[in-house]
Amino acid sequence: MKRVVIIGAGLGGLSAAIYLSRDGYDVTVLEKRNHPGGKLHKQTVGDASFDFGPNTITMPVVFQDVLTYGGDDEPLPFIQLQDHTMNYFKNDAPLLFSSDEHTMKEQLSQFDYRAFQQYKKTVARIFHMSKTHFFHP
């Protein structure tokens with residue numbers, strides 16, 4: 001049996017471990033922290049909590065594919081949230097991220113909505129390329 005060592009138990013390392021293990025490799029995962037998940041953790045400072053990981057999962061099918069390939073037959077119950085992340089800027093202007101186009105247009109009225117539309121086009125192009133060439137070749 002071939003052996004492989006994966007450095008880091010973040011989402012990428014854990015995904016690689018699942019795929020390689022299922023493909024017959026003897027996998028060892030090394031992690032410097034005392035918990036897996038990499039950036040997927042919460043840090044508390046005083047009364048404030050900070051999410052250091054992905055607070056928005058934009059590609060749930062990728063997560064589900066990894067788990068299914070690893071042998072998990074029950075899909076994770078991903079729930080799409082319309083309004084999901086409140087961001088604050090230096091001038092204390094809040095920006096609520098939403099999956100609703102009208103809400104985003106209203107929220108971005110204090111910024112440049114056209115730049116957001118261009119950003120969405122760029123993200124869609126990158127998503128298509130990654131889906132075509134990276135995740136499902």
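- Ser109 places a side-chain N or O within 3.5 Å of a backbone atom of Glu106 that can act as its donor or acceptor partner.
- Residue Leu14 is not grouped with residue Ile7 when hydrophobic side chains (ILVMFWY) are merged at heavy-atom distances under 4.5 angstrom, including chains of intermediate members.
- Around atom NE2 of His128, no more than 12 heavy atoms belonging to other residues, nucleotides or ligands sit under 6.0 Å away.
- Glu101 places a side-chain heavy atom less than 4.5 Å from the side chain of Lys120.
- Among all heavy-atom pairs drawn from Val27 and Ser21, the shortest one is CG2-N, 3.7 Å.
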(request) Given side-chain contact (heavy atoms from CB on, under 4.5 Å), test Asp26 with Lys2 step by step and report yes or no. (result) CA-CA 6 Å; Asp26 178 16; Lys2 292 183 180 179; over 6 Å; no
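- Using modelled atom types, one side-chain atom of Gln107 and one backbone atom of Leu96 make a donor-acceptor pair closer than 3.5 Å.
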(request) Applying side-chain contact (heavy atoms from CB on, under 4.5 Å), run through Val123 and Lys121 and close with a yes or a no. (result) CA-CA 5 Å; Val123 168; Lys121 286 180 184 176; over 6 Å; no
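- Once rounded to the nearest 0.5 Å, the distance linking OG1 of Thr122 with CD of Gln117 reads 12.0 Å.
- Tracing side-chain contacts under 4.5 Å through hydrophobic residues (I, L, V, M, F, W, Y), one never reaches Ile18 starting from Val29; they form parts of separate clusters.
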(request) Decide yes or no on side-chain contact (heavy atoms from CB on, under 4.5 Å) for Phe78 and Gln64, but give the supporting numbers first. (result) CA-CA 9 Å; Phe78 287 101; Gln64 196 58 57; 4.2 Å; yes
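- In this structure the side chain of Leu108 reaches within 4.5 angstrom of the side chain of Leu95, judged on heavy atoms.
- Within the model, atoms OG of Ser15 and CG of Leu20 stand 10.5 Å from one another, a figure rounded to the nearest 0.5 Å.
- Linking Ile, Leu, Val, Met, Phe, Trp and Tyr whenever their side-chain heavy atoms come within less than 4.5 Å leaves Tyr19 and Val4 in two separate clusters.
- Within the model, atoms OG of Ser98 and CD of Gln82 stand 4.5 Å from one another, a figure rounded to the nearest 0.5 Å.
- Rounded to the nearest 0.5 Å, atoms NE2 (His84) and OG (Ser99) are 6.0 Å apart.
- Connection of Tyr25 to Ile6 is established within a shared hydrophobic cluster, with ILVMFWY side chains joined at heavy-atom distances below 4.5 Å, either directly or through further cluster members.
- For the pair Phe97/Asp83, no side-chain contact is recorded, criterion being any heavy-atom separation below 4.5 Å from C-beta on.
- Note on Ile126: it does not cluster hydrophobically with Tyr119, by side-chain heavy-atom contacts below 4.5 Å among ILVMFWY residues.
- Here the straight-line distance linking atom CE of Met86 with atom OH of Tyr88 works out to 4.5 Å at 0.5 Å rounding.
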(request) Evaluate the side-chain contact (heavy atoms from CB on, under 4.5 Å) criterion for residues Leu76 and Leu67: first the C-alpha distance (whole Å), next the side-chain angles of each, then the deciding distance (0.1 Å), finally the verdict. (result) CA-CA 9 Å; Leu76 289 175; Leu67 296 173; 3.3 Å; yes
(request) Kindly indicate, with the supporting measurements, whether the criterion side chain to side chain donor-acceptor pair (under 3.5 Å) is fulfilled by Tyr69 and Asp23. (result) CA-CA 10 Å; Tyr69 192 82; Asp23 288 347; 2.2 Å; yes
